[in-house]
Chemist: 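Shown below is the structure under consideration.
Indexing begins at 1, ligand by ligand and atom by atom, following the structure's order. Heavy-atom basis, side chains included; hydrogens, waters and symmetry copies ignored.
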Amino acid sequence: MTPATTVGLPQPAAWRWRLPYLLLALFVGAMVSLVWLVRTNDLEDQRATLISDVLWIEQNLRFQLEKNADLLAELGPELLRSEQISYTAAARAGRLIQPGNPVVQVIWMRPDGTVGGAMPRLDVMPSGGALAVELPSQAMFRLAAASGRAVFGPVFEAIDQDVRFALYVPYYEGSEFAGVVVGIHSLRDLVTREVPWWFSERYELSVFDQTGREIVSKSKVDAQATSLEYTIPLDPPGRGVTLQVKPYRAEVRWVAVLLGGAIALLAAGVIWSVWQLRRHMVRRQAAELALREEYAFRRAMEDSLLTGLRARDLEGRMIYVNPAFCRMVGYSAEELVGRKPPMPYWDPEDMSRTQELHEYILARGTTGDGVEVRLKRRNGERLDALIFEAPLIDAQGRQTGWMGSVLDITEQKRAQKLARQQEERLQATSRLITMGEMASTLAHELNQPLAAIASYSTGCLNRLEQGEMARDEMTSVVTKLGKQAQRAGQIIRRVHDFVRRSEPKREPLDLNAIVREAVGLVEPDARKRAVDITVSLTDPLPPVMADPVMVEQVAINLIRNGMDAMKAVPPSQRLLHIDTQISDNDVGIRVTDRGSGIPPEVARKLFEPFFTTKSEGMGMGLNICRSIAELHRGRLAFEDHPEGGTIFTFWLPASPQ
Ligand code: ADP
């Protein structure tokens with residue numbers, strides 16, 4: 001919590017922001033490639049399976065035809081040795097041409113190329129249609145005879161639309177050519193018989209002639225259009241005939257599909273979460289920025305304050321100080337934060353009181369008026385501080401410590417002290433002035449006892465010289481002389497006390513007595529001014545704790561002001577009434593004159609120092625009276641008299657008995 005802490009957070013470089021997106025794009029690309037690769041491999045696998053299946057079927061057909069060629073060759077001796085074929089031969093040939101067997105007719109040809117016979121008879125199965133061929137073909141016959149191997153004739157269409165081809169198998173007796181046995185095969189039967197069920201379940205199998213016309217199909221259902229299809233020449237029977245195989249449906253590899261689906265789902269999830277994360281981060285950044293600005297603003301505010309701020313936890317450990325507080329006490333934040341009492345700025349001469357105050361504040365804070373405490377700066381100077389302590393509440397509403405604001409009132413106190421001293425000096429001066437003003441009155445006052453003393457002593461001397469003076473008479477005159485001398489002494493002592501004393505000396509006072517004294521002092525002056533002073537005292541009065549000379553000074557001032565105000569009034573109306581009052585817990589002296597009264601513009605400035613409307617006035621009287629009232633926790637009030645003139649009341653709190 002030092003003021004020097006910086007607020008800024010490190011910002012990542014721009015490329016670091018983009019890196020996750022780049023990685024994400026690469027990840028998605030890699031996943032798509034993987035799915036594509038799996039799919040391609042899958043198709044390759046399917047294609048390889050298709051090719052091997054087609055080759056297998058072709059092998060199977062070839063094997064069947066070779067087997068049939070062998071069977072036809074075996075029939076050769078029985079069919080060609082004699083004109084009349086035996087039952088055995090007929091039965092064997094018949095077995096070969098059973099329904100479902102691809103061989104539909106057996107023809108045997110003599111060595112000269114003529115037809116020896118046929119089963120069934122030749123005229124029953126003539127060739128025809130678009131693919132009409134010579135049957136049996138002499139060319140094929142010669143080819144078989146010449147090559148000594150089984151030879152396939154061209155594909156042709158029979159009258160029943162069956163597509164057929166002939167297999168010419170030469171027969172030799174020893175090394176001598178003995179004829180050819182021709183097996184007419186139904187291509188459809190061959191395909192139907194030799195293609196197993198599992199193959200036709202998976203593939204559509206078709207045979208096309210050299211013109212591209214479909215001549216045989218194993219299935220009646222069309223396969224879906226697919227890139228997977230395989231075509232090979234069907235040789236034998238050859239001659240442009242091709243075998244085409246199409247899978248009905250590309251096999252669905254569920255593992256690959258599920259894997260692809262999962263990858264797509266995961267990629268979508270990752271993209272979504274990255275997007276959400278980005279939104280969250282953008283919002284967070286905005287919040288952080290706002291917080292930083294707010295923090296900087298508050299910090300600037302705290303730093304610019306002249307009031308010291310300090311926060312303490314519930315144990316009294318310092319947790320925060322602002323620069324103003326550091327300046328005030330002369331210690332740095334590092335030296336103060338974390339410290340527990342006693343603090344280095346506590347005044348060692350006032351340690352126990354400060355400790356008590358500290359414990360008091362930690363227990364219940366301070367009132368709205370604050371608490372004054374004397375501290376010591378690092379450089380040894382004393383510091384008067386006014387502390388306001390309030391609970392430190394955290395975000396959850398719990399009190400975690402105390403927050404204090406500290407005002408440096410050293411200067412203020414010094415100024416107050418100075419003002420007090422000046423005021424006291426002023427009061428003394430004022431008293432001197434008042435005394436100066438009263439000097440002539442006092443002289444007149446003293447004249448009376450002195451004149452009396454002089455006349456008593458002259459009379460006494462005359463009687464003594466005449467020798468007529470009795471002892472009793474003598475005692476009476478000397479007693480009177482003594483009394484007059486005492487009176488003169490009292491007047492002088494009072495003046496002496498009044499002028500010399502400056503410090504208020506509080507003692508229980510009877511305001512009635514003060515009034516009597518004051519009236520006694522001003523009476524000669526009043527007589528001179530033709531002012532009629534009347535006094536009515538409330539008796540008994542509760543005592544007040546006050547300085548008698550100061551209170552008397554206030555009374556004399558008020559009386560003299562009242563008399564001054566009546567200068568312009570005809571002598572018969574110069575009435576000044578003084579009485580004493582009780583109101584609640586206050587006791588007051590009231591001075592009522594019937595003078596000029598106080599106009600509002602004068603009333604506003606009445607208590608200002610040196611404000612006067614009199615040519616010989618000083619304007620300090622009421623100002624001093626009010627200071628004396630405040631010094632005694634009393635007050636000075638004035639109001640208009642309803643019948644003209646002014647009423648001044650000097651209130652003092654009654655002393656508890
Ligand atoms: P000073 O008597 O030297 O003028 P004060 O402070 O005693 O100084 O009085 C200030 C002014 O208040 C006076 O000049 C006068 O105008 C006014 N004042 C005071 N007492 C009275 C009063 N009883 N009646 C009318 N005016 C008064």
Side-chain angles (χ1 to χ4, degrees), residues 419 422-442 498-499 514-515 518-519 521-526 528-536 549-581 588-632 634-652:
Q422 275 175 350
E423 198 170 289
E424 277 169 11
R425 271 201 295 275
L426 207 63
Q427 281 178 26
T429 317
S430 160
R431 276 196 293 277
L432 279 173
I433 294 163
T434 312
M435 285 314 297
E437 287 173 357
M438 286 171 72
S440 59
T441 317
L442 281 168
F498 191 78
V499 174
I514 297 286
V515 170
V519 171
L521 270 173
V522 297
E523 223 162 22
D525 193 24
K528 220 168 75 182
R529 298 176 185 221
V531 174
D532 184 9
I533 298 182
T534 53
V535 177
S536 63
V549 178
M550 286 185 175
V551 175
E552 195 177 278
Q553 188 185 351
V554 174
I556 290 171
N557 255 320
L558 296 180
I559 294 167
R560 287 175 63 80
N561 275 348
M563 293 196 300
D564 286 346
M566 292 189 289
K567 264 185 185 164
V569 175
S572 62
Q573 291 170 23
R574 292 179 192 165
L575 304 171
L576 188 92
H577 183 67
I578 305 165
D579 58 354
T580 46
Q581 301 256 325
I589 300 172
R590 189 161 68 166
V591 180
T592 310
D593 66 66
R594 305 298 297 275
S596 55
I598 301 177
E601 65 274 12
V602 173
R604 272 198 297 276
K605 300 182 192 166
L606 210 60
F607 296 101
E608 283 180 13
F610 306 110
F611 170 77
T612 179
T613 55
K614 304 166 196 169
S615 55
E616 75 286 7
M618 264 236 354
M620 285 307 297
L622 284 180
N623 180 263
I624 290 167
C625 288
R626 192 173 65 171
S627 301
I628 290 172
E630 284 167 2
L631 207 65
H632 290 87
R635 63 186 195 282
L636 189 62
F638 70 94
E639 59 193 298
D640 290 337
H641 191 286
E643 290 160 34
T646 313
I647 305 169
F648 271 90
T649 316
F650 172 40
W651 291 105
L652 286 173

Chemist: Has Asp593 got a side-chain atom pairing as donor or acceptor with Gly595's backbone, closer than 3.5 angstrom?
Modeler: yes
Chemist: Got an N/O contact under 3.5 Å between Asn561 and ligand 1?
Modeler: yes
Chemist: Can you list the steps and then say if His641 with Thr592 is a side-chain hydrogen bond (donor to acceptor under 3.5 Å, both in side chains)?
Modeler: CA-CA 8 Å; His641 191 286; Thr592 310; 5.7 Å; no
Chemist: Under a 4.0 Å heavy-atom limit, does Leu622 contact ligand 1 with its side chain, its backbone, both, or neither?
Modeler: both
Chemist: Give the residue and atom name of whichever protein heavy atom lies nearest to atom 14 (O) of ligand 1, and the separation in Å to one decimal.
Modeler: Thr613 N, 2.7 Å
Chemist: Which ligand 1 atoms are under 4.0 Å away from a heavy-atom of Thr646?
Modeler: 24 (N)
Chemist: For atom 8 (O) of ligand 1, what is the nearest protein heavy atom, given as residue, atom name and distance?
Modeler: Gly619 CA, 3.3 Å
Chemist: What atoms in ligand 1 come closer than 4.0 Å to a heavy atom of Leu606?
Modeler: 12 (O), 17 (C)
Chemist: Would you say Asn557 touches ligand 1, if touching means a heavy atom closer than 4.0 Å?
Modeler: no
Chemist: Going by the rule salt bridge (Lys or Arg N to Asp or Glu O under 4.0 Å), which residues pair with Lys605 if we only count those two or more places apart in sequence or in a different chain?
Modeler: none
Chemist: Under 4.0 Å from a heavy atom of Ala565: which atoms of ligand 1 are those, numbered in the order shown and with their elements?
Modeler: 22 (C), 24 (N), 25 (C)
Chemist: Per the side chain to side chain contact (heavy atoms under 4.5 Å, CB included) rule, which among Ile598, Leu622, Ile647, Val591 passes with Phe638?
Modeler: Ile598
Chemist: Would you say Ser596 has any N or O atom under 3.5 Å from an N or O of ligand 1, going by distance alone?
Modeler: no
Chemist: For ligand 1, which part of Phe648 has a heavy atom less than 4.0 Å away: the side chain, the backbone, both, or neither?
Modeler: side chain
Chemist: One residue to check: Thr612. Relative to ligand 1, which of side chain, backbone, both or neither has a non-hydrogen atom less than 4.0 Å away?
Modeler: both
Chemist: Can you list, pair by pair, the side-chain donor-acceptor contacts under 3.5 Å of residues 566-574, counting residues two or more places apart and other chains?
Modeler:
unit_1: Lys567; atom_1: NZ; unit_2: Glu616; atom_2: OE2; d: 3.4
unit_1: Arg574; atom_1: NE; unit_2: Met566; atom_2: O; d: 3.2
unit_1: Arg574; atom_1: NE; unit_2: Val569; atom_2: O; d: 2.8
unit_1: Arg574; atom_1: NH1; unit_2: Arg529; atom_2: O; d: 2.9
unit_1: Arg574; atom_1: NH2; unit_2: Lys567; atom_2: O; d: 3.1
unit_1: Arg574; atom_1: NH2; unit_2: Val569; atom_2: O; d: 3.1

Chemist: For ligand 1, does Asp593 get within less than 4.0 Å through its side chain, its backbone, both, or neither, judged by non-hydrogen atoms?
Modeler: side chain
